[in-house]
Asks: 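Please read through the structure below; I'll follow up with questions.
Counting convention: from 1, in listed order, for ligands and their atoms alike.
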Amino acid sequence: MSKFYDVIVVGSGIAGLSFALKVSEAGYRVAIITKKNSAESNTNYAQGGIAAVTSQTDDVEMHVADTLDAGDGLCDEQAVREILKDGSSSIDELIKRGVDFSQLGDGRVSLGKEGGHSKRRILHVRDITGKAIEQALVNSIEISEKIDTLEHYFAVELITSQKIGGKGLSLPQTNRVLGLYALDTQRGMVETFRAGAVLMATGGIGQIYQYTTNPFIATGDGIAMAYRAGVEVQNMEFIQFHPTAFYSKNSSDRFLISEAVRGEGAILRNLNGEAFMFKYDERKDLAPRDIVARAIDYEMKQTGARHVWLDTREIGRKELFSRFPNIYAYCGSHGIDLEKDMIPVVPAAHYLCGGVKTNLNSETSLSGLYACGEVACTGLHGANRLASNSLLEAVVMANRGAGAVSKYLEENTSDLGELPAWQDGDVRDSDERVVLLHNWDEVKRTMWDYVGIVRTTKRLERARNRIQTLDREINEYYWNFKVDESLLELRNMISVAGLVIDCALQRKESRGLHYVLDHVDKLDEAINTMARRL
Ligand code: FAD
Ligand code: SIN
């Protein structure tokens, strides 16, 4: 027997939780389906903060200009204006939900600075902004009587009217979402959920890369699911590599060293101890991320180094300790004293600028399916996201989507009756699990080696061949095997990796985060080379 809710929200990061709260406050019954415990999300690890215009000396047009500049000509200007103008009201809302942003000694809010911002405009809770936001939202969810949170439920597949072909139901003419299948990972059973509308808020795809700042949940499930249901997806080639993740020789974990540290004066140095960002951009260490990550990549390749250094020694202990306690402690636990030592850093896959295409009401191309947060592509980020714009986008678009979904539910019958139950494969073979593990590594290595910061058409084509082979293999498994979390995640990762490569091969230019040597303008290259020599 299936379960019915007005709205099903997939994902419990900032986007899903904000949306669920708003929709429940409008009187609807909501289920949040989340594959781990509620707090486990990219949101929970956000450090630098949330960008919004809250000071008298700043204005929204300046924030718009910085966002457009970082986005390298591919932002949707209307989306940028509409989203950024709601910055300050979204901050008020987070404060109302219990987020206690850091303040200066005189009681004014403390505003951080990050790459590409012409002003100090990043609100933060020391360097654990994401954890503070996540906790405040989870607390609000827990006291809501209209929301059921189903932890350890893995959303597997959307159910659409087109897919089930009207079996026993009287369906509307247009294709729409009717619910979804989700695996209860603790019992190993797939359940059927009926819903008036579904929000996809499953976050990013960092785990398709060998080195990433993202936690394990970021496997692109929502994008893969939406794509399989025929929903439009765009801009997948724009993968943001964060310039400064902690380098460790013995581990593929990449703990983030926030850009806000450079905002307070830290500078990048090569292994000879020389500052180098002045050669690449007049904003030096606070240039937009695509520029800084490429500069580091270039410096590392020139010298064969495995990392560069981030020098925090000028900042001062008091500031380092009070503003960045989490980073201070992490580095300390790896034997690095930020007052005396430099931090070894490397770029790592961090954020997906593309995703499920939505309009400014978070509506996707499938009726009844909404998307917001990192899984969605609204046009705000263009070819490269401005630092700390994603938490803001998630809250603003959750609010806008919640308004739109209420209207949709008023106009559309929500419960169309019982849906077909899930048909599982029946093969269980633990030997074959080894192959899955191997394929998991192969996706991550292929993407890292061939679809990274600097690309070539030849390497992209090589990656496409490998991913296509993996795709054929995983689909064979999928239809025969009893599904479990790792099989589902691997299938989704392969699918989004394929989308990243296809989009990358389709874009015949170098722009923003998509830097392809074959398409680097000869004149640009000559100018860049000259600039490097100055
Ligand atoms: P997430 O927070 O990632 O939540 C996704 C949710 O979906 C999770 O609950 C996950 O378990 C669930 N899920 C996924 N797949 C399924 C499935 N199949 N079934 C059920 N549940 C599923 N941005 C900023 O603006 N400022 C910052 O300072 C900042 N710092 C960052 C630092 C780090 C280390 C990282 C990794 C990112 C940072 N970002 C920052 C980016 C930002 O944190 C994310 O873009 C944002 O939090 C995404 O929120 P979300 O709600 O869309 O997704
Ligand atoms: C950081 O703190 O450097 C991350 C900010 C972001 O990803 O927006």
Asks: Would you say Arg385 contacts ligand 1, with heavy atoms under 4.0 Å as the rule?
Replies: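 Yes, Arg385 has heavy atoms under 4.0 Å from ligand 1.
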
Asks: Hey, can you tell me if His307 and Trp309 have their rings parallel, tilted or perpendicular (30° and 60° cut-offs)?
Replies: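 If you compare the ring of His307 with that of Trp309, the planes turn out perpendicular.
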
Asks: Could you list the atoms of ligand 2 found under 4.0 angstrom from a heavy atom of Glu114?
Replies: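 Every atom of ligand 2 under 4.0 Å from some heavy atom of Glu114: 5 (C).
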
Asks: Between Arg400 and Glu82, does a salt bridge (charged side-chain N to carboxylate O under 4.0 Å, His left out) hold up when you go through it step by step?
Replies: CA-CA 10 Å; Arg400 294 181 78 112; Glu82 290 284 317; 3.3 Å; yes

Asks: Can you tell me which residue among Arg491, Arg228, Lys35 is in a salt bridge (charged side-chain N to carboxylate O under 4.0 Å, His left out) with Asp221?
Replies: Lys35

Asks: Indicate the ring-plane relationship of Tyr330 and Phe255, choosing parallel, tilted or perpendicular according to the 30° and 60° boundaries.
Replies: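 Taking Phe255 first and then Tyr330, their aromatic rings lie parallel (interplane angle under 30°).
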
Asks: With no hydrogens and no angle check, is any side-chain donor or acceptor of Gln234 less than 3.5 Å from a backbone partner on Lys357?
Replies: no

Asks: Does only the side chain of Arg289 get under 4.0 Å from ligand 2, or the backbone, or both, or neither? Count heavy atoms.
Replies: side chain

Asks: Which one holds for Leu391 and ligand 2: side chain close, backbone close, both close, or neither close, with close meaning a heavy atom under 4.0 Å?
Replies: neither

Asks: Does Glu25 pair with Lys96 as a salt bridge, N-O distance under 4.0 Å?
Replies: no

Asks: Any chance you could lay out the ring-ring contact (aromatic ring centres under 6.0 Å, His included) test for His381 and Phe238, step after step, and finish with the verdict?
Replies: CA-CA 9 Å; His381 309 307; Phe238 297 114; over 10 Å; no

Asks: Got an N/O contact under 3.5 Å between Asn214 and ligand 1?
Replies: no

Asks: I need the minimum non-hydrogen distance between Leu392 and Gly87, along with the two atoms involved.
Replies: CD1-CA, 3.6 Å

Asks: Which label fits His63 and His117: parallel for a plane angle under 30°, tilted from 30 to 60°, or perpendicular past 60°?
Replies: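 Ring orientation of His63 relative to His117: tilted.
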
Asks: Of the side chain and backbone of Tyr153, name the one, both, or neither that has a heavy atom under 4.0 Å from an atom of ligand 1.
Replies: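 The answer is the backbone.
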
Asks: Judging by distance only, is a nitrogen or oxygen of Lys35 under 3.5 angstrom from one on ligand 1?
Replies: yes

Asks: Can you tell me if Gly49 has a non-hydrogen atom under 4.0 Å from ligand 1?
Replies: yes

Asks: Any nitrogen or oxygen of Lys36, side chain or backbone, less than 3.5 Å from one on ligand 1?
Replies: no

Asks: With heavy-atom distances below 4.0 Å as the criterion, list the atoms of ligand 2 near His242.
Replies: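 Atoms satisfying the 4.0 Å criterion: 1 (C), 3 (O), 4 (C).
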
Asks: So for Leu256, does at least one of its heavy atoms come nearer than 4.0 angstrom to any atom of ligand 1?
Replies: yes

Asks: For the atom pair OG1 (Thr358) and OH (Tyr370), what is the distance rounded to the nearest 0.5 Å?
Replies: 11.5 Å

Asks: Pairs of nitrogen or oxygen atoms closer than 3.5 Å, one from Cys372 and one from ligand 1: do any exist?
Replies: no

Asks: Less than 6.0 Å separating the ring centroids of Tyr477 and Phe481?
Replies: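 Judged by ring-centre distance (under 6.0 Å), Tyr477 and Phe481 do meet the cut-off.
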
Asks: Please say whether Ile14 places an N or O atom under 3.5 Å from an N or O atom belonging to ligand 1.
Replies: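 Yes; at least one N/O pair falls below 3.5 Å.
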
Asks: Check this for me: does any side-chain nitrogen of one of Lys36 and Glu485 sit under 4.0 Å from a carboxylate oxygen of the other?
Replies: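 Here Lys36 pairs with Glu485 in a salt bridge, since their nearest N and O are under 4.0 Å apart.
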
Asks: Please confirm whether Ala201 approaches ligand 1 to less than 4.0 Å, judged on its heavy atoms.
Replies: yes

Asks: Would you tell me which option among Glu151, His350, Glu157 has the nearest heavy-atom contact to atom 39 (N) of ligand 1?
Replies: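 Heavy atom nearest to atom 39 (N) of ligand 1 belongs to His350.
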
Asks: Please identify which atoms of ligand 2 are closer than 4.0 Å to at least one heavy atom of Ala387.
Replies: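 Atoms satisfying the 4.0 Å criterion: 8 (O).
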
Asks: Counting only nitrogen or oxygen atoms and a 3.5 angstrom limit, does Ser258 reach ligand 2?
Replies: yes

Asks: Strictly under 4.0 Å, does any heavy atom of Glu489 approach an atom of ligand 1?
Replies: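 Per 4.0 Å heavy-atom rule, Glu489 does not contact ligand 1.
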
Asks: Does at least one non-hydrogen atom of Leu256 fall below 4.0 angstrom from an atom of ligand 2?
Replies: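 It does, in that a heavy atom of Leu256 comes within the 4.0 Å cut-off of ligand 2.
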
Asks: Would Ile50 count as a polar contact of ligand 1, with the cut-off being nitrogen or oxygen pairs under 3.5 Å?
Replies: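 Not met; the criterion fails.
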
Asks: With a cutoff of 4.0 Å, is Gln240 in contact with ligand 2, counting heavy atoms of the residue only?
Replies: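 Judged by the 4.0 Å heavy-atom criterion, Gln240 does not count as contacting ligand 2.
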
Asks: Rounded to the nearest 0.5 Å, how far does OG1 of Thr378 lie from CE of Met397?
Replies: 6.0 Å

Asks: If hydrogens are left out, which of His242, Glu374, Glu393, Glu485 has an atom nearest to atom 48 (C) of ligand 1, that is, the closest non-hydrogen atom?
Replies: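 Closest candidate by heavy-atom distance is Glu374.
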
Asks: One residue to check: Ala155. Relative to ligand 1, which of side chain, backbone, both or neither has a non-hydrogen atom less than 4.0 Å away?
Replies: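 Contact part for Ala155 vs ligand 1: both backbone and side chain.
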
Asks: Decide whether the shortest distance between a heavy atom of Ser12 and an atom of ligand 1 is less than 4.0 Å.
Replies: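 Distance cut 4.0 Å: Ser12 passes for ligand 1.
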
Asks: Using a 4.0 Å cutoff against the non-hydrogen atoms of Glu259, which atoms of ligand 2 qualify?
Replies: 1 (C), 2 (O), 3 (O)

Asks: Rounded to the nearest 0.5 Å, how far apart are CG of Asp86 and CD of Glu393?
Replies: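 It is 12.0 Å, given to the nearest 0.5 Å.
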
Asks: Could you say whether the N/O atoms of Ser38 and ligand 1 ever approach to under 3.5 Å?
Replies: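 N/O-N/O distance under 3.5 Å: no.
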
Asks: Does any N/O atom on Asp221 come nearer than 3.5 Å to any N/O atom on ligand 1?
Replies: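 Yes, since at least one N or O of Asp221 sits under 3.5 Å from an N or O of ligand 1.
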
Asks: Given Ser390, Ala224, Ala260, Ala398, which one has a non-hydrogen atom that is nearest to atom 40 (C) of ligand 1?
Replies: Ser390

Asks: Does Arg269 pair with Asp311 as a salt bridge, N-O distance under 4.0 Å?
Replies: yes

Asks: Check whether any heavy atom of Phe255 sits under 4.0 Å from an atom of ligand 1.
Replies: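 Outside the 4.0 Å threshold, so no.
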
Asks: Backbone or side chain, does any N or O of Met225 fall under 3.5 Å from an N or O of ligand 1?
Replies: no

Asks: Looking only at distances, can you tell me whether any N or O atom of Glu40, backbone or side chain, sits closer than 3.5 Å to an N or O atom of ligand 1?
Replies: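 The answer is yes, given that Glu40 and ligand 1 share an N or O pair closer than 3.5 Å.
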
Asks: With a 4.5 Å cut-off on side-chain heavy atoms, are Ile205 and Ile239 touching?
Replies: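 Ile239 reaches Ile205 side chain to side chain.
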
Asks: Does Asp58 come within less than 4.0 Å of Arg121, counting only side-chain N to carboxylate O?
Replies: yes

